[in-house]
Amino acid sequence: MLEILYQDQYIVAINKPRDLLVHKSFIASDIKEFAIQILRDQIGQKVYPVHRLDRKTSGVLLFALDKQTLKILNEAFATREVEKTYLAIVRGYTALEEQINYALTNDAGVKQQALTNYVRLQKVEIPLASKTHDTSRYSLVKVFPITGRQHQIRKHFKHIFHPILGSRPHGCNKQNKLWLDTYGLTAMLLHGLELSFTHPYSQQKIHLRATLDKEYERYNAHLGFDLSLYY
């Protein structure tokens, strides 16, 4: 059963578990279950994804229940009327706040403007030694993507040399191997925390929030961030 965060006659939103694809993909042809299929069977009607989350990303995922609502919400996303907030744990100490303005090239080879804002919430240094350092440093960041390019957040944090912990391929292979070898942990620590938008019919402001999953607890047993606000 998927956790439903909101549902009415026009839209439904879930807290998508990590490792669940939104829909069928040729790059994961062996996967038999998808969020669309599971949610359709759970609520007994067809659903249309309004946006996407990577397979390894958990968090708020919004669906329309008819094509007209889908069209309206797609336009709201395209015109940046939807506010998206993510939570991530990244390598190193980031700036207190920053805008990442770095164009990204899509699968068709077209370079597109991409903007991401973030603020650092907390930072930690732990006694996790690598070949070059006796300790490891990490930051907990809240991320506000302005544009919505594919893998934008992961690519942007790699670009500023603060890759998201557990991200592959847009991460740090050495850090990922260190966590795997030391703690047996492999999850990517990127979570779609909040989504805010105007309801397409009632015009009320809808604010959705998805709690963190157990993988954050497993990592945080070693990191020691205060994540109490997000469970």
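Residue numbers count from 1 along this sequence.
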| message | Looking at R168 and T186, would you say the former's side chain and the latter's main chain have a donor-acceptor pair under 3.5 Å? | response | yes

| Does the ring center of H162 lie less than 6.0 Å from the ring center of F157? | no

| field | R91 side chain to L165 backbone, donor-acceptor under 3.5 Å | value | no

| Considering residues at least two apart in sequence or located in another chain, which fulfil the salt bridge (charged side-chain N to carboxylate O under 4.0 Å, His left out) criterion with K177? | D181

| query | Quick one: does D54's side chain have a donor or acceptor within less than 3.5 Å of a partner on K56's backbone? | reply | no

| task | Just jot down the side chain to side chain contact (heavy atoms under 4.5 Å, CB included) partners of A95, sequence neighbours excluded, or say none. | result | E98, Y118

| CD-CG distance between E3 and N15, expressed to the nearest 0.5 angstrom | 4.5 Å

| said: Parallel, tilted or perpendicular, judged at 30° and 60°: which one describes the rings of H151 and H170? | reply: tilted

| said: Would you say S167 and R154 are linked by a side-chain donor-acceptor pair, where the criterion is simply a distance under 3.5 Å? | reply: yes

| query | Taking it one step at a time, do L65 and K46 satisfy side chain to side chain contact (heavy atoms under 4.5 Å, CB included)? | reply | CA-CA 6 Å; L65 296 179; K46 197 166 185 178; over 6 Å; no

| Any side-chain donor near an acceptor of the partner, Q204 and T198, under 3.5 Å | no

| More than 12 heavy atoms of other residues, nucleotides or ligands under 6.0 Å from CG of N106: is that the case? | yes

| message | Ignoring hydrogens, what is the shortest heavy-atom contact between H191 and A210? Give both atom names and the distance. | response | NE2-O, 2.7 Å

| message | Quick one: does any side-chain atom of K16 pair with a main-chain N or O of T57 as donor and acceptor, under 3.5 Å? | response | yes

| request: Verify the distance criterion only: is there a donor paired with an acceptor across the side chains of S139 and Q122 at less than 3.5 Å? | output: no

| query | Quick one: do the T69 and Y201 side chains pair a donor with an acceptor below 3.5 Å? | reply | yes

| query | Would a distance-only check, ignoring hydrogens and angles, find a side-chain to backbone donor-acceptor pair under 3.5 Å from E217 to K214? | reply | no

